[in-house]
Amino acid sequence: MKSRIYLDHAATTPVSAAARAAVLAALELGGNPSSVHGGGRAANALLEGARDAVAGFAGVAAETIVFTSGGTEAIALAANGARLPGAERPRFLASATEHSAVLQAREDVQLLPVDGRGLIDLDALAARLATGPALVAVQAANNETGVIQPLADVAALVRAAGSLLLVDAVQAAGKRALPPIAADADFIALSAHKLGGPPGVGALIVQDPDSLIAVQRGGGQERGHRGGTPNVPGIAGFAAAVAQVHDWAAVTARRERLEAQLKAAGAIIHGESAPRLPGISSIGLPGVAASTQVMMLDLEGFMVSAGAACSSGKVKSSHVLAAMGLGPAAGEAIRVSLSPATTDGEIDAFVAAWLAMAARLSRKGAA
Ligand code: PLP
């Protein structure tokens with residue numbers, strides 16, 4: 001049987017051994033952290049220890065952490081619960097390359113353009129902010145291209161306009177230092193399953209408790225910001241995952257080696273001239289639909305994704321690449337995403353498979 005090589009770590013990455021052990025230990029412990037008896041107090045101690053760990057990772061105070069069911073819920077909470085001083089619900093501005101978790105969080109979202117590299121247009125942001133305060137959502141790094149946004153510049157404009165900044169750090173967390181991001185943002189969304197924790201758990205960092213009202217009230221857990229019994233095993237796994245340190249410089253070197261070989265054979269790397277995350281590469285093969293590439297590579301044993309996959313598993317043209325002005329090429333790129341565990345041998349095997357695929361398709365095109 002052909003070996004399967006997983007190069008889709010931006011979609012989700014395997015749960016680390018430490019996170020798995022922490023989840024199992026928490027399941028064994030049981031208990032509801034709201035119960036006043038000994039079992040409840042033990043679960044609560046685990047929960048608060050995990051809160052301290054995630055807060056330390058992000059460089060924020062423990063009481064700013066609101067645990068959620070993942071990145072999407074964290075973003076939805078900020079988008080719908082954010083309040084300006086005076087309790088006014090702000091307008092919602094978002095860069096055009098945000099994840100659908102942001103773009104779908106509110107129907108009245110107003111999009112901010114990006115340039116050809118995928119970087120937010122700061123002049124357009126300033127012009128939009130001049131018309132009144134808003135909640136501005138800008139991702140720390142993009143999930144399809146890995147492009148890193150100039151958050152300090154964004155934050156300066158947002159702050160000067162008396163507005164609020166929501167940073168989706170779901171892809172960047174664990175790969176870039178969070179404390180500088182936390183210094184700039186009012187809200188930060190995190191997700192455990194992108195950094196070695198289990199799926200279905202995340203957090204929203206809320207710098208000022210008065211800037212957020214609950215969307216889901218329930219029993220008033222998470223200091224009234226998010227009702228519902230917290231997922232203590234998942235949260236314990238999240239805390240174990242953030243404690244792990246990886247060699248991301250080695251990942252960057254592998255990605256660069258991969259890109260150089262594919263470019264020499266006609267591939268286009270989208271967002272290449274912008275600062276990028278270590279492990280994500282958006283690779284275009286002109287004239288070939290992303291779905292065809294994903295399927296051909298899958299048949300050869302390589303798991304990669306198209307720019308964007310909707311929940312039905314169908315491949316859509318990428319709104320991220322379209323916003324970067326790529327036209328039809330927005331439907332011709334695959335995303336290859338590496339982890340610190342990805343080996344040189346896996347990269348070499350992928351490069352060989354991609355080159356063989358491109359050669360086959362060009363023979364077909366020429367016939
Ligand atoms: N934001 C970004 C940039 C993402 O890549 C994802 C997941 O794909 C999310 C938000 C949503 O996170 P979750 O899967 O935890 O809901």
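Being a predicted model, the structure only gives us computed values, none of them experimental. One-based numbering, in listed order, for ligands and for the atoms of each.
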Would you be so kind as to tabulate the donor-acceptor pairs closer than 3.5 Å made by side chains of residues 196-208, with sequence neighbours excluded?
unit_1: Gln207; atom_1: NE2; unit_2: Ala182; atom_2: O; d: 2.7
unit_1: Gln207; atom_1: NE2; unit_2: Ala185; atom_2: O; d: 3.4
unit_1: Asp208; atom_1: OD1; unit_2: Asp210; atom_2: N; d: 2.9

Glu346: which residues meet the salt bridge (Lys or Arg N to Asp or Glu O under 4.0 Å) condition with it, sequence neighbours left out?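 In terms of salt bridge (Lys or Arg N to Asp or Glu O under 4.0 Å), with neighbours along the sequence ignored, Glu346 is linked to no residue.
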Please evaluate residues Arg128 and Val136 with respect to the criterion side chain to side chain contact (heavy atoms under 4.5 Å, CB included), reporting the C-alpha separation (whole Å), side-chain torsions for both, the decisive distance (0.1 Å), and the verdict. CA-CA 10 Å; Arg128 212 65 80 76; Val136 180; over 6 Å; no
Pair listing, side-chain hydrogen bond (donor to acceptor under 3.5 Å, both in side chains) test, anchored in residues 217-230, at least two apart: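 Of all non-adjacent pairs touching residues 217-230, those that pass side-chain hydrogen bond (donor to acceptor under 3.5 Å, both in side chains) are Arg51-Glu222, Glu73-Arg226.
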In terms of side-chain heavy atoms, does Arg91 have a donor or acceptor partner in Thr131 at a distance below 3.5 Å?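 The criterion, which ignores hydrogens and geometry beyond distance, is satisfied for Thr131 and Arg91.
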Between Asp298 and Arg4, does any NZ, NE, NH1 or NH2 come within less than 4.0 Å of an OD or OE carboxylate oxygen?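 Answer for the salt bridge query: yes.
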Protein residues that have a heavy atom under 4.0 Å from any atom of ligand 1, sorted by chain and number: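 Residues within 4.0 Å of ligand 1: Gly70, Gly71, Thr72, Ile75, His99, Asn143, Asp168, Val170, Gln171, Ser191, His193, Lys194.
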